[in-house]
Amino acid sequence: MSMLLFQPSSCWNTNLVSKIGIWKTKYTINQRKYSSFVPYTTTTSTSKAVSRQGYPLFSCKKQESTVNAIQGEDVPIENSIQTTTTEEPFTSSKELSNNNNHQLKDAVDPGLMDSMKQRKQRAKEEPLCIVVIGASGDLAKKKTFPALFSLYYHDLLPKDFMVVGYARRQLTLEEFRTSIMESLTCRVIDGPQCQQKMDEFLPKCYYMSGMYDKAEDFSRLDELLNNFERRFPNTIRVDRLYYLAVPSQVFESVVSNIHRHGRTERGWNRIVMEKPFGKDIQSYLQLRNSLRHCISEDEIFRIDHYLGKELVQNLMVLRFANYLFEPLWNRDHIASVQIVFKENFGVEGRAGYFDEYGIIRDIMQNHLLQVMALLGMEQPVTLHAEDIRDEKVKFLRCIRTLKASDFILGQYRDRQNPQRSYLSEPGVRTNSNTPTFAACVFHVDNRRWSGVPFLMKAGKALDERKAEIRIQFQSVPGGLFSQAVSAHLPNNELVIRVQPDEAIYMRILSKAPGLTSRLEEARLNLFYRTAWEDSKDIPDAYERLILDVIHGEKSLFIRDDELEVAWNIFTPSLKELERDIWKPILYDYGGRGPIESDYLAAKYGVQWSEGD
Ligand SMILES: NC(=O)C1=CN([C@@H]2O[C@H](COP(=O)(O)OP(=O)(O)OC[C@H]3O[C@@H](n4cnc5c(N)ncnc54)[C@H](OP(=O)(O)O)[C@@H]3O)[C@@H](O)[C@H]2O)C=CC1
Ligand SMILES: O=C1O[C@H](COP(=O)(O)O)[C@@H](O)[C@H](O)[C@H]1O
């Protein structure tokens with residue numbers, strides 16, 4: 001193979017590249033043949049596709065993961081897919097760019113779309129038992145049951161299903177049904193039908209009180225599920241979905257009991273786990289090893305509900321389905337990136353969990369890091385789960401390990417109403433140093449992002465509830481308009497507001513209308529509320545994710561190696577920060593958080609962007 005020319009990105013020019021080609025990859029899935037095209041320029045070792053700026057788009061590599069075969073069980077990819085690769089060289093840059101334009105279209109392989117359709121169809125027909133472990137908790141009540149109800153409301157659950165809540169708390173069936181009814185809301189407001197649907201849904205819900213580490217209790221649970229499944233002839237497949245809405249310290253015993261006493265032999269078993277998965281790299285690896293004796297990677301669905309949020313799902317579309325953004329998406333044009341999560345309430349009854357974990361493990365190591373990976377990764381080869389997750393892992397591996405000094409930590413207190421202070425929450429340890437606020441800065445050591453600070457901020461009990469991404473572009477060179485604005489020219493900014501009130505907008509400078517030459521800041525807006533009539537019907541992230549579990553679709557779930565890299569980035573700093581010298585700075589309930597986070601940003605020449 002010939003050499004890739006290592007040109008500085010600004011000099012990249014298709015005329016200078018010695019060899020451009022296209023891989024035609026043919027593969028067969030369960031006797032059906034498909035092919036796809038992958039453009040490349042050649043390197044000494046592997047074949048790499050390179051963007052116009054010289055950033056690698058993707059590289060051809062063997063897939064190690066698994067896919068669902070068109071019919072039947074999940075099977076390892078090696079067993080179901082045979083690939084042959086032929087090289088069909090072509091040389092003109094026009095052809096290359098044409099081919100790139102079709103990348104996403106080609107990526108949605110018609111064969112695999114068929115397979116997804118069939119999986120969906122099959123999922124509707126197979127009776128399903130859904131078991132929510134930790135059914136007495138906050139997540140189950142606020143998110144899991146409402147999402148299940150909404151799926152039922154929209155006729156997306158299988159024809160025959162049962163939902164079983166399981167937790168240690170003693171609840172009668174009536175108490176349980178009342179508790180879930182209280183939080184079942186209809187996204188679509190059409191009263192009578194909603195009530196009717198609720199009346200149909202609730203009788204399908206059962207409750208069982210049991211311990212997480214007692215085999216007998218799981219055998220009782222199994223019996224309850226068997227009773228339901230016996231209603232269907234043995235020739236019909238029946239499936240089981242276990243949703244673990246409990247803290248990760250009980251995962252091991254729960255999964256081991258499910259493995260021994262809770263599997264169905266008649267269909268799939270899938271286990272959904274909530275973040276955070278462990279507390280650091282060591283506990284994660286230990287958890288992973290012990291779970292491996294009981295369940296396969298195929299059966300695990302590690303949920304990070306931020307991946308199910310509409311705007312987070314839109315990140316890849318924004319970047320890779322538009323021509324506009326990708327050429328600017330690099331260090332030559334972007335000055336900084338900010339990823340911010342704010343909540344205007346405290347831990348409110350969840351201290352038992354939160355005090356053990358803190359805001360870094362609760363929000364940053366998972367939700368915000370996932371968002372950052374989607375923002376920073378290269379274009380995946382296809383939209384298949386494994387290709388997307390491969391790219392996320394590659395990007396995460398380029399992030400420099402964090403140090404304690406990269407962080408500012410805070411903890412809220414309420415001087416007017418001390419009862420609302422974090423330390424007064426029932427369940428918080430006396431003098432706890434657990435942070436409820438953190439700001440930090442990441443450095444990404446790769447060609448695309450070197451030198452661009454990625455700032456992250458997450459906090460509870462702040463001034464508003466908001467999650468957003470802000471991409472600040474470089475300042476405009478030259479002084480052409482310096483007379484026309486009062487201070488310096490503000491940089492362009494792309495804002496992706498994940499919640500509330502989903503929006504994507506660009507802050508630009510514009511001439512103020514009229515007989516003036518004054519420049520003013522203006523916006524190019526995509527407000528979901530006004531752009532799409534049915535935007536009020538945006539499903540909750542959990543609806544999308546639970547549906548994906550039922551369909552066996554994994555692209556919005558976290559793979560084990562992603563998690564390993566994520567913990568590697570955070571673990572050394574978490575260990576350092578747990579030493580007593582790193583006390584969180586107290587900040588006022590309802591405020592902006594510690595001012596020190598502004599100084600941290602200033603160190604990198606950045607100001608946290610606020611407001612709309
Ligand atoms: N709440 C939320 O909005 C979100 C939560 N999550 C994640 O979901 C998981 C559960 O969260 P959440 O529902 O808020 O937590 P909860 O504190 O409400 O715990 C859920 C249930 O687990 C049981 N439980 C709690 N602590 C322990 C313990 N130490 N040992 C054994 N059982 C325990 C309790 O049930 P019982 O005593 O009856 O057995 C409790 O009702 C966490 O991992 C969290 O990170 C993720 C996203 C959002
Ligand atoms: O995972 C978690 O997320 C919620 C915030 O979720 P959102 O969808 O309402 O933004 C957070 O409150 C909780 O602490 C955390 O565990």
* Asked: Is it true that E386 and K554 have a side-chain N and a carboxylate O under 4.0 angstrom from each other?
  ->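 Answer for the salt bridge query: no.
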* **Electrostatic pair K394-D390, nearest N-O below 4.0 angstrom** =>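 Between D390 and K394 there is no salt bridge, as every charged N stays at least 4.0 Å from the carboxylate O atoms.
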* Quick one: are I546 and T144 in side-chain contact, heavy atoms under 4.5 Å? ->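 With C-beta onward as the side chain, the pair touches.
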* **Student check: side-chain heavy atoms of M316 and I388 closer than 4.5 Å** =>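 The answer is yes; the side chains approach within 4.5 Å.
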* Not counting sequence neighbours, which residues clear side-chain contact (heavy atoms from CB on, under 4.5 Å) with N344? List them please. =>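 If we apply the side-chain contact (heavy atoms from CB on, under 4.5 Å) test to N344, skipping adjacent residues, the hits are R465.
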* **Residue list, side-chain contact (heavy atoms from CB on, under 4.5 Å) with R350, at least two apart or on another chain** =>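 In terms of side-chain contact (heavy atoms from CB on, under 4.5 Å), with neighbours along the sequence ignored, R350 is linked to D138, Y353, D362, K460.
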* Asked: With no hydrogens and no angle check, is any side-chain donor or acceptor of K603 less than 3.5 Å from a backbone partner on V606?
  ->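 A pair under 3.5 Å: no.
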* Under 6.0 Å from the CD atom of E464, do we count more than 12 heavy atoms belonging to anything else shown? ->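 Check passes, neighbour count above 12.
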Cation over ring face, [X] and [Y], 6.0 Å, 45°:
X	Y	value
R302	F557	no
R319	F325	no
K309	Y306	yes

* Specify whether W449 and F454 have parallel, tilted or perpendicular ring planes, treating 30° as the upper limit for parallel and 60° as the lower limit for perpendicular. =>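 Rings of W449 and F454: perpendicular, as their planes differ by over 60°.
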* To do: Going by the salt bridge (Lys or Arg N to Asp or Glu O under 4.0 Å) test, name the single residue among E596, E343, E468, E610 that passes it with K457.
  =>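 With K457 as partner, salt bridge (Lys or Arg N to Asp or Glu O under 4.0 Å) holds for just one option, E610.
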* If you look at every heavy atom in F149 and C194, which pair is closest and at what distance? ->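 The answer is CZ-O, 4.0 Å.
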